[in-house]
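Convention: sequence-line order gives letters A, B, ...; per-chain numbering from 1. Any value given below was found using the heavy atoms of this structure, including those in side chains, with hydrogens, waters and symmetry copies removed.
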2 protein chains.
Amino acid sequence: MPPDLSNRLFFRLYQCANMMHKTGTRALEEHHVTTQQWAVLGALTRPAFEAGIAVGDLAAFLMVSRQNLTGVLSRLEAMHYVERTVAENDNRSRLIRLTDKGRSLWGENMRPAIADYYEEALEGFSTDDKIHMIHYLNKILRNFKALDPDSSRSSEPL
Amino acid sequence: MPPDLSNRLFFRLYQCANMMHKTGTRALEEHHVTTQQWAVLGALTRPAFEAGIAVGDLAAFLMVSRQNLTGVLSRLEAMHYVERTVAENDNRSRLIRLTDKGRSLWGENMRPAIADYYEEALEGFSTDDKIHMIHYLNKILRNFKALDPDSSRSSEPL
DNA sequence: CTTTTTATGTCAATATATTTACATTCTTCG
DNA sequence: CGAAGAATGTAAATATATTGACATAAAAAG
C-alpha cells in the first residue's frame, strides 16, 4: 500500500497555504498590504461589488468569518483604502466600498506587483495545468462547504 | 479573453486554505486540537522524527517560522502532548518529542477522526485525482520555495 | 585563546482567524 | 401596535502567523 495519499494531499495543501501567505505578503510588502487585505481589496474591485457590499456577504464570498473581517476592514479603513457607509434600506447593514485612494492603490501599485507574483508562483504552469488545478480546488471546496454548517445553506454555485 | 486564470487559481487556493483550517479544526474539536497542532503532532509521529527533532528543522518541514512554532509547542507542552529536551551535542538546540500521552492521543483519538474527515473532504476524489492534485501542489510549492529566501537554500527535494 | 560570525530558540509587536457574546435594528406574529 | 425572533455588525478571548530583536552557545577567524 502506498503512503496515505489523502494525508499527503492535505499536508501539501497545508504547506501551500503557509507559503502562499508568506510569499504573497512579501510580494506586496512595499505597499504594506497583506494577503488578506489583498483578497478584500481584490473583491471590492469586482464590478458586482463596486457599489458596495455588506460585511456578511463579503465574508461569505471570501469564506472567512464576519468577525474576522471586522478587524481587516478597520485597518483598511484606517489606511483610507475602504469606507463604510450605512445601507439606505437597512440601518444595521454597512456597505463596504473602495475609496478613490484604494482604487488607485489597486490599479497603480498592487495590480502590477500581483501580476509579477503570479508570473513567478505559477512558472511552468500551462493554461491546461491551471484549469486542472482550479478544477480540483473547486472540487475540494465543494466538499468543504458541505462540511461547514455555515456555508451549507448558501446556494451560490461555485 | 477568459477571466484571469492565475487570479482565479489563487483565489480558490485562498478559499481552500480558509476552509481547510475551519473545517479541520472543527473535525478535531472534541479533542481540543487545531489544524496547526495537528500538523505538529502528525510530523512528530513520523519514524524519522520519533527520537526528537529540533525546532528549526520542524519549522522548515512544516514551512512555518521558528518563532511561530514556539507558541504552538508551548501550548502542546502545557497539555503534556509534547516535551522539549536539550540536545546532547548542542546546548542551544531543543529536541521536540511526543510524550506517551501525545502518542496515545494521536493513535486512539485523532487518527480515526482524521480518517473520517479525509473521507468527507475528499469525497469523489479517485486515486488518480489525488495523485494529480498532489502533483500540482508540489509544483506550486517548488515555485513558492524558490520565491522564499528562507527556503531557497534548503536542499531537501520535495 | 580571544574575537567575530553564525546558529538556535524565544520574546514582543502586529495582523489574521476562530468562537462566544452582545447591542441594534429589522421582521414576524399575536 | 407590541413582543418575540432573526439578522447585522462589532467586541472580547484564544490560537495562529509574520518579522524584528535578543540572549545564548557553537564555530570560524585571527
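Remark: the B:Arg92 side chain and the D:dA26 base include no donor-acceptor N/O pair separated by less than 3.5 Å. With hydrogens and angles left out, the side chain of B:Gln67 and the base of D:dG20 share a donor-acceptor pair within 3.5 Å.
Of the side-chain N and O atoms in A:Ser93, one or more sit less than 4.0 angstrom from OP1 or OP2 of D:dG9.
Proximity of residues 70-91 of chain B to DNA chain C (heavy atom under 4.0 angstrom from any strand atom) is restricted to B:Thr70, B:Arg84. Residues of residues 23-39 of chain A having a heavy atom closer than 4.0 Å to DNA chain C, listed by number: A:Thr34, A:Gln36, A:Gln37.
The ring pair (Phe, Tyr, Trp, His ring centres under 6.0 Å) search around B:Tyr14 returns none, not counting sequence neighbours. With sequence neighbours excluded, the residues that form a salt bridge (charged side-chain N to carboxylate O under 4.0 Å, His left out) with A:Asp90 are A:Arg92. With sequence neighbours excluded, the residues forming a salt bridge (charged side-chain N to carboxylate O under 4.0 Å, His left out) with A:Glu77 are A:Arg84, listed by chain and number. Partners of B:Tyr81 according to the ring pair (Phe, Tyr, Trp, His ring centres under 6.0 Å) rule, which considers only residues two or more places apart in sequence or in another chain, do not exist here.
The minimum heavy-atom distance between B:Tyr117 and B:Gly24, with the atom names listed, is OH-N, 3.5 Å.
Looking only at atom types and distance, the side chain of A:Thr99 has no donor-acceptor partner in the side chain of A:His80 under 3.5 Å away.
Ring-plane geometry between B:Tyr136 and A:Tyr136 is classed as tilted, the angle between the planes lying from 30 to 60 degrees on a 0 to 90 degree scale. Note: B:Trp38 and B:Tyr118 have tilted aromatic rings, judged against thresholds of 30 and 60 degrees for the angle between ring planes.
Here A:Arg66 lies in heavy-atom contact (under 4.0 Å) with a base.
Between the P atom of D:dT10 and the CG atom of A:Asn68 lies a distance of 12 Å, rounded to the nearest Å. To the nearest angstrom, C1' of D:dT16 lies 12 Å from CE of B:Met20. Between A:Asn18 atom CG and D:dT18 atom P there is a gap of 6 Å when expressed in whole angstrom units. What separates NE2 of B:His21 from P of D:dA15 is a distance of 16 Å, to the nearest Å.
Each of A:Lys22 and A:Gly56 lies near DNA chain D, and the nucleotide nearest A:Gly56 is the one positioned closer to the 5' end. Place B:Arg94 and B:Tyr14 on DNA chain C by their nearest nucleotides, and B:Arg94 ends up nearer the 5' end.
A cation-pi arrangement is present between B:Lys139 and A:Phe125, with the terminal nitrogen or guanidinium carbon under 6.0 Å from the aromatic centre and inside a 45° cone about the axis.
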